[in-house]
Amino acid sequence: IDIVPIKTVQEIKRSRRELAKNDPIELRGFQALNSPITALYERFSRIGRSKQRIAELEYQDEIERILKELFRVYISYDIIDLSEDEFFSFIDWLAISDQFLRESSDYDLVVYIKQRYKEYRMNNKD
């Protein structure tokens, strides 16, 4: 059994601020002008598209990880009441933009999530 402590709000806020998409394409700007064929190949080849898809999936995983950490904090403060099994369903329901997640204040984020949680409960009554 692994016991992992709940992250603090400041740690989660730092993770939110550092959230950024990684572009797997290696040739950019001036480098792409020097070798346009290589840049086009990296952008449109099957391998290049696979790298981009992997980067997108990793980015989505990072967003989910941050939201799950936030949910655990909110549950500990009785702001929302979700089981671990409901996290993915609520994340899909939440449909939060990555820009809002990165740039919103802690207060705005908690108000938004609490409001969406109430809507989620109203629509998913047992």
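- A side chain to side chain contact (heavy atoms under 4.5 Å, CB included) with Leu70 holds for exactly one of Ile75, Ile80, Leu109; it is Leu109.
- Shortest non-hydrogen contact noted between Tyr112 and Leu94 is OH-O, 3.4 Å.
- Residues meeting the salt bridge (charged side-chain N to carboxylate O under 4.0 Å, His left out) test with Asp108, sequence neighbours left out: none.
- For the side chain to side chain donor-acceptor pair (under 3.5 Å) test, residues two or more places apart in sequence or in another chain that qualify with Glu103 are Gln99.
- Checked options Phe90, Tyr120, Tyr77; the residue passing with Phe71 is Phe90 (criterion: ring-ring contact (aromatic ring centres under 6.0 Å, His included)).
- Applying the salt bridge (charged side-chain N to carboxylate O under 4.0 Å, His left out) criterion to Lys118, with sequence neighbours excluded, gives no partner residue.
- The distance from the CD atom of Glu18 to the CZ atom of Arg16 is 12.0 Å, given to the nearest 0.5 Å.
- Residues that satisfy the side-chain contact (heavy atoms from CB on, under 4.5 Å) test with Val9, not counting sequence neighbours, are Val73, Asp106.
- With respect to Glu11 and Arg14, no salt bridge is recorded, no charged nitrogen being found less than 4.0 Å from a carboxylate O.
- Not a single side chain to side chain donor-acceptor pair (under 3.5 Å) links Arg17 to another residue, sequence neighbours left out.
- The shortest non-hydrogen separation linking Phe87 to Ser83 is CD1-O, 3.4 Å.
- Remark: Glu86 engages Arg121 in a salt bridge (charged side-chain N to carboxylate O under 4.0 Å, His left out) (not counting sequence neighbours).
- Tyr74 meets the side chain to side chain donor-acceptor pair (under 3.5 Å) test with no other residue; sequence neighbours excluded.
- Remark: Leu67 CG to Ile113 CD1 distance equals 6.0 Å, nearest 0.5 Å.
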**Prompt:** Are Lys51 and Ile54 close enough, and set up right, to give a side chain to side chain contact (heavy atoms under 4.5 Å, CB included), and what steps lead you there?
**Reply:** CA-CA 5 Å; Lys51 286 180 181 178; Ile54 289 169; 5.8 Å; no

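- Linking ILVMFWY residues whenever their side-chain heavy atoms come closer than 4.5 Å, directly or via other members, places Val111 and Leu82 in the same cluster.
- Side-chain N or O atoms of Trp93 include one that pairs as donor or acceptor with a backbone N or O of Arg116 at under 3.5 Å.
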**Message:** Does Tyr117 form a side chain to side chain contact (heavy atoms under 4.5 Å, CB included) with Ile79? I'd like the steps, not just the answer.
**Reply:** CA-CA 9 Å; Tyr117 171 75; Ile79 296 170; over 6 Å; no

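- Listed by chain and residue number, Arg65 satisfy the side chain to side chain donor-acceptor pair (under 3.5 Å) test with Glu62 (two or more places apart in sequence, or in another chain).
- In terms of heavy atoms, Ser15 sits closest to Ile66 at O-CD1, 3.6 Å.
- Scored by the salt bridge (charged side-chain N to carboxylate O under 4.0 Å, His left out) test, Lys7 finds Glu69 as partners (sequence neighbours excluded).
- Contacts classified as salt bridge (charged side-chain N to carboxylate O under 4.0 Å, His left out) and involving residues 71-82 (residues at least two apart or in different chains) are given here: Arg72-Glu84.
- For the ring pair (Phe, Tyr, Trp, His ring centres under 6.0 Å) test, no residue two or more places apart in sequence or in another chain qualifies with Phe88.
- One finds the CD1 atom of Ile63 at 9.0 Å from the OG atom of Ser97 (value rounded to the nearest 0.5 Å).
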